[in-house]
Trainee: 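Pasting in a structure now, in structure tokens, and then I'll have a few things to ask.
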Amino acid sequence: MACLLETPIRMSVLSEVTASSRHYVDRLFDPDPQKVLQGVIDMKNAVIGNNKQKANLIVLGAVPRLLYLLQQETSSTELKTECAVVLGSLAMGTENNVKSLLDCHIIPALLQGLLSPDLKFIEACLRCLRTIFTSPVTPEELLYTDATVIPHLMALLSRSRYTQEYICQIFSHCCKGPDHQTILFNHGAVQNIAHLLTSPSYKVRMQALKCFSVLAFENPQVSMTLVNVLVDGELLPQIFVKMLQRDKPIEMQLTSAKCLTYMCRAGAIRTDDSCIVLKLDHDLKHAHELRQAAFKLYASLGANDEDIRKKIIETENMMDRIVTGLSESSVKVRLAAVRCLHSLSRSVQQLRTSFQDHAVWKPLMKVLQNAPDEILVVASSMLCNLLLEFSPSKEPILESGAVELLCGLTQSENPALRVNGIWALMNMAFQAEQKIKADILRSLSTEQLFRLLSDSDMNVLMKTLGLLRNLLSTRPHIDKIMSTHGKQIMQAVTLILEGEHSIEVKEQTLCILANIADGTTAKELIMTNDDILQKIKYYMGHSHVKLQLAAMFCISNLIWNEEEGSQERQDKLRDMGIVDILHKLSQSADSNLCDKAKTALQQYLA
């Protein structure tokens with residue numbers, strides 16, 4: 001049988017919908033309103049932090065029922081509020097959860113809920129809307145479909161610090177161009193949001209600041225208006241400058257710097273105004289240094305501890321900040337962000353969840369298109385992890401043209417990039433379809449593959465052998481590849497087995513032969529090559545057990561008597577003295593080698 005290199009850890013799939021999940025949904029239909037309310041509260045407690053439970057409830061149809069209860073005039077305000085809270089929790093799961101909610105027309109239902117006089121219900125609806133609109137799968141245009149929505153949201157800004165925080169966050173995420181900027185500006189966004197910059201709540205101040213950064217982006221009209229706005233007797237640009245001070249959080253410093261930069265570009269602020277520009281340059285440099293240090297610290301902390309990696313990733317907005325770091329102007333910050341993600345990508349669990357939820361592979365692929373070698377080395381190493389068999393990112397990475405990119409890396413003068421390029425291809429080829437394997441061989445080219453097999457760097461050679469092992473797996477694939485590339489592969493195998501290579505290299509090469517021997521037609525390339533057969537015989541008698549075992553693997557696949565032509569192959573190998581060697585090995589002190597030899601001998605007796 002064929003063997004594949006570095007089989008990754010297997011993960012259990014989502015289990016079937018449980019009876020308890022069904023119980024939660026059934027209670028939503030109870031004729032007793034008090035029991036329905038208690039059922040929703042229990043559901044709320046059950047889904048907190050439990051993505052599996054969220055998925056189960058969505059599949060069982062909880063969303064339409066929750067939306068029905070939320071919109072019913074006969075439902076109590078408390079029940080409506082609890083329904084909005086549960087829907088918000090469901091939205092905090094995966095992107096598929098959000099898609100399911102959108103398919104059930106959740107946004108119109110929640111916007112209707114904002115007309116309620118009850119503040120707690122309004123806040124719950126806004127919190128859920130905030131979660132949905134900040135998801136990458138939600139079209140921003142849904143906020144602007146009904147012309148009455150924006151003015152109503154402006155009016156709600158004065159209700160509480162929570163309405164201020166959620167509405168500003170919705171605006172900042174849904175303002176994606178001049179049309180959206182114009183709508184918000186014309187409905188008084190500048191005047192309604194400006195005073196929030198002095199709110200006692202940091203979250204409110206921060207979300208208001210983000211609003212101004214998206215409103216002013218490449219918009220001279222907004223920028224020229226901002227320069228004359230007074231807040232508590234102080235001009236808005238001066239408030240932005242105060243927010244650049246070192247005692248302010250990095251996020252606030254960076255966002256206020258963006259606002260001032262956009263205003264400078266629009267001509268609203270003189271570019272030679274030293275009180276702003278010099279302060280901006282100095283503090284941005286300081287902010288970059290701090291972000292770089294933070295990313296380095298997280299990378300170090302998460303390097304070898306799964307619990308710490310989990311805590312880092314579960315920190316609010318942390319993954320977003322690290323991913324944003326990949327597109328920073330500072331090379332040092334980008335490098336630190338990539339190193340941090342690389343450290344976190346060592347977690348199997350996070351590769352399956354957080355890295356997929358945040359689509360980390362997308363910005364990573366952009367980084368790999370054009371970056372200095374020091375960044376490319378770490379980014380390509382991280383890509384190796386994202387291409388492991390259990391990673392959900394593997395398929396979209398393949399579809400984004402990764403094969404050509406990785407084959408290009410194998411031609412780099414930098415040995416580390418050659419290693420990572422071939423390593424990633426090796427992971428890509430693991431249990432892959434024939435088409436993917438063919439794409440790899442076509443893009444890499446036979447010439448480059450054999451250049452890599454003669455690479456002076458031991459790691460490059462080992463990973464190239466690993467790629468060959470994974471390409472030559474499953475019989476149809478083995479036969480197909482050997483029918484087109486068999487001559488060259490056999491030549492390469494011969495050269496390596498004859499050369500001055502380490503035990504590890506020769507063991508991998510013999511394992512490739514063992515895979516070829518598992519093919520239906522491919523095994524004839526070995527049986528008709530007396531030179532290769534003599535080499536297998538030689539390694540069966542080698543002093544190193546690893547090489548003996550690998551050679552035994554070849555022989556076992558060649559003589560297996562359930563396969564066509566096995567008698568002829570057995571006879572030829574017997575004439576070569578293979579059976580005599582098997583008898584000797586069956587007396588070996590190494591139990592594994594002894595057992596393999598006895599198993600092989602049984603094929604002759606059967």
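One is the number of the first residue; the rest follow in order along the sequence.
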Trainee: Check Ala379 against Leu364 and note the closest heavy-atom contact, atom names and distance.
Mentor: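 Looks like CB-CD1, 3.8 Å.
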
Trainee: What are the two closest non-hydrogen atoms of Pro363 and Ala359, and how far apart are they?
Mentor: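 For Pro363 versus Ala359, the nearest heavy atoms are CD-O, 3.3 Å.
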
Trainee: Test side-chain hydrogen bond (donor to acceptor under 3.5 Å, both in side chains) on Asn97 and Thr94 and set out the steps.
Mentor: CA-CA 5 Å; Asn97 288 11; Thr94 64; 3.1 Å; yes

Trainee: Apply the test side-chain contact (heavy atoms from CB on, under 4.5 Å) to residues Gln292 and Leu335: give CA-CA distance (whole Å), side-chain angles for both, the deciding distance (0.1 Å), then the verdict.
Mentor: CA-CA 8 Å; Gln292 179 190 353; Leu335 177 58; over 6 Å; no

Trainee: So how far is it from Leu383 CG to Leu409 CG, rounded to the nearest 0.5 Å?
Mentor: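 If we round to the nearest 0.5 Å, Leu383:CG and Leu409:CG are 8.5 Å apart.
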
Trainee: Taking all atoms of both residues into account, what is the closest heavy-atom pair of Ile559 and Ala600, and its distance?
Mentor: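 Residues Ile559 and Ala600, closest heavy atoms: CD1-O, 3.5 Å.
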
Trainee: List the residues meeting ring pair (Phe, Tyr, Trp, His ring centres under 6.0 Å) with Phe217, not counting sequence neighbours, and say none if there are none.
Mentor: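 So Phe217 forms a ring pair (Phe, Tyr, Trp, His ring centres under 6.0 Å) with Tyr262.
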
Trainee: Is a donor from one side chain sitting under 3.5 angstrom from an acceptor on the other, for Ser21 and Gln53?
Mentor: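 There is such a pair (donor and acceptor under 3.5 Å, judged by atom type) between the side chains of Ser21 and Gln53.
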
Trainee: What salt bridge (charged side-chain N to carboxylate O under 4.0 Å, His left out) pairs are there with at least one residue in residues 481-493, not counting sequence neighbours?
Mentor: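 Qualifying pairs, neighbours excluded: none.
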
Trainee: Find the distance between NZ (Lys296) and OG (Ser300) and round it off to the nearest 0.5 Å.
Mentor: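 Spacing of NZ (Lys296) from OG (Ser300) equals 11.0 Å.
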
Trainee: How far apart are the closest heavy atoms of Met552 and Leu585, and which atoms are they?
Mentor: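 Looking at all heavy atoms of both residues, the shortest contact is SD-CD1, 3.8 Å.
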
Trainee: Near Gln488 CD, under 6.0 Å, is it more than 12 heavy atoms from other residues, nucleotides or ligands?
Mentor: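 Counting neighbours around CD of Gln488, more than 12 heavy atoms of other residues, nucleotides or ligands fall under 6.0 Å, so yes.
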
Trainee: List the atom of Val403, the atom of Ile440, and the distance in Å for their closest heavy-atom pair.
Mentor: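 Val403 and Ile440 have their closest heavy atoms at CG1-CA, 4.0 Å.
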
Trainee: At what distance, to the nearest 0.5 angstrom, does CG of Leu582 lie from CD1 of Ile555?
Mentor: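 It comes to 7.0 Å.
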
Trainee: Could Glu314 and Arg309 be called an ion pair, given the rule that one side-chain N must be under 4.0 Å from one carboxylate O?
Mentor: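 Arg309 and Glu314: not salt-bridged.
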
Trainee: Quiz question: by atom type and distance under 3.5 Å, do the side chains of Ser566 and Asn561 form a donor-acceptor pair?
Mentor: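 Short answer, no.
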
Trainee: So does Glu564 have more than 12 non-hydrogen atoms from other groups sitting under 6.0 Å from CD?
Mentor: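 Check fails, neighbour count at 12 or below.
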
Trainee: Scan residues 397-425 for pairs that pass salt bridge (charged side-chain N to carboxylate O under 4.0 Å, His left out), counting only residues two or more places apart or in two chains.
Mentor: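 Residue pairs with at least one partner in residues 397-425: Arg418-Asp455.
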
Trainee: With rounding to the nearest 0.5 Å, note down the distance linking CE in Met458 to NZ in Lys463.
Mentor: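 The NZ atom of Lys463 is 10.5 Å from CE of Met458, to the nearest 0.5 Å.
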
Trainee: Please step through side-chain contact (heavy atoms from CB on, under 4.5 Å) for the pair Met319 and Leu344, ending with a clear verdict.
Mentor: CA-CA 10 Å; Met319 282 296 286; Leu344 298 175; 4.3 Å; yes

Trainee: Hey, could you give me the CE/NZ distance between Met252 and Lys210, rounded to the nearest 0.5 Å?
Mentor: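 Here the rounded value is 10.5 Å.
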
Trainee: Using a strict threshold of under 4.0 Å (side-chain N to carboxylate O), is an ion pair present between Lys435 and Asp439?
Mentor: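 Judged by the 4.0 Å cut-off on N to carboxylate O distance, Asp439 and Lys435 do form a salt bridge.
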
Trainee: Mark yes when over 12 heavy atoms from residues, nucleotides or ligands other than Lys176 sit less than 6.0 Å from its NZ; otherwise mark no.
Mentor: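 Counting neighbours around NZ of Lys176, more than 12 heavy atoms of other residues, nucleotides or ligands fall under 6.0 Å, so yes.
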
Trainee: Mind running side-chain contact (heavy atoms from CB on, under 4.5 Å) on Ile478 and Thr474 for me, showing each step along the way?
Mentor: CA-CA 6 Å; Ile478 294 168; Thr474 73; 5.8 Å; no

Trainee: What pairs of residues pass the side chain to side chain donor-acceptor pair (under 3.5 Å) test when at least one of them lies in residues 374-383, not counting sequence neighbours?
Mentor: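 Residue pairs passing side chain to side chain donor-acceptor pair (under 3.5 Å), neighbours aside: His342-Ser381, Ser380-Asn420.
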
Trainee: Run the salt-bridge test on Asp518 and Arg475 with the 4.0 Å N-O cut-off and return the result as yes or no.
Mentor: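 A salt bridge links Asp518 with Arg475.
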
Trainee: Answer yes or no: are there more than 12 heavy-atom neighbours, outside Tyr298 itself, under 6.0 Å from its atom OH?
Mentor: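 At most 12 heavy atoms, drawn from other residues, nucleotides or ligands, come within 6.0 Å of this atom.
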
Trainee: Is there a side-chain contact (heavy atoms from CB on, under 4.5 Å) between Arg334 and Leu326 once you walk through the steps?
Mentor: CA-CA 5 Å; Arg334 291 209 309 275; Leu326 296 178; 5.8 Å; no

Trainee: Please report the interatomic distance OG1(Thr446) to CZ(Arg451), rounded to the nearest 0.5 Å.
Mentor: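 Thr446 atom OG1 to Arg451 atom CZ measures 10.5 Å (nearest 0.5 Å).
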
Trainee: Please give me the minimum heavy-atom distance between Val460 and Pro415, naming the atom from each residue.
Mentor: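 Scanning both residues completely, I find the closest heavy atoms to be CG2-O, 4.0 Å.
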
Trainee: Could you pull out all residues at least two apart from Tyr539 that satisfy ring pair (Phe, Tyr, Trp, His ring centres under 6.0 Å)?
Mentor: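 Tyr539: ring pair (Phe, Tyr, Trp, His ring centres under 6.0 Å) contacts with His542.
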
Trainee: Please, which pairs that meet salt bridge (charged side-chain N to carboxylate O under 4.0 Å, His left out) have at least one residue in residues 527-546, sequence neighbours excluded?
Mentor: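 Matches after skipping sequence neighbours: Glu498-Lys535, Asp530-Lys572, Asp531-Lys535.
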
Trainee: Taking atom NZ as the centre, does Lys437 end up with more than 12 heavy-atom neighbours from other residues, nucleotides or ligands that are less than 6.0 angstrom away?
Mentor: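 Yes, NZ of Lys437 has more than 12 neighbouring heavy atoms, counting only those of other groups under 6.0 Å.
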
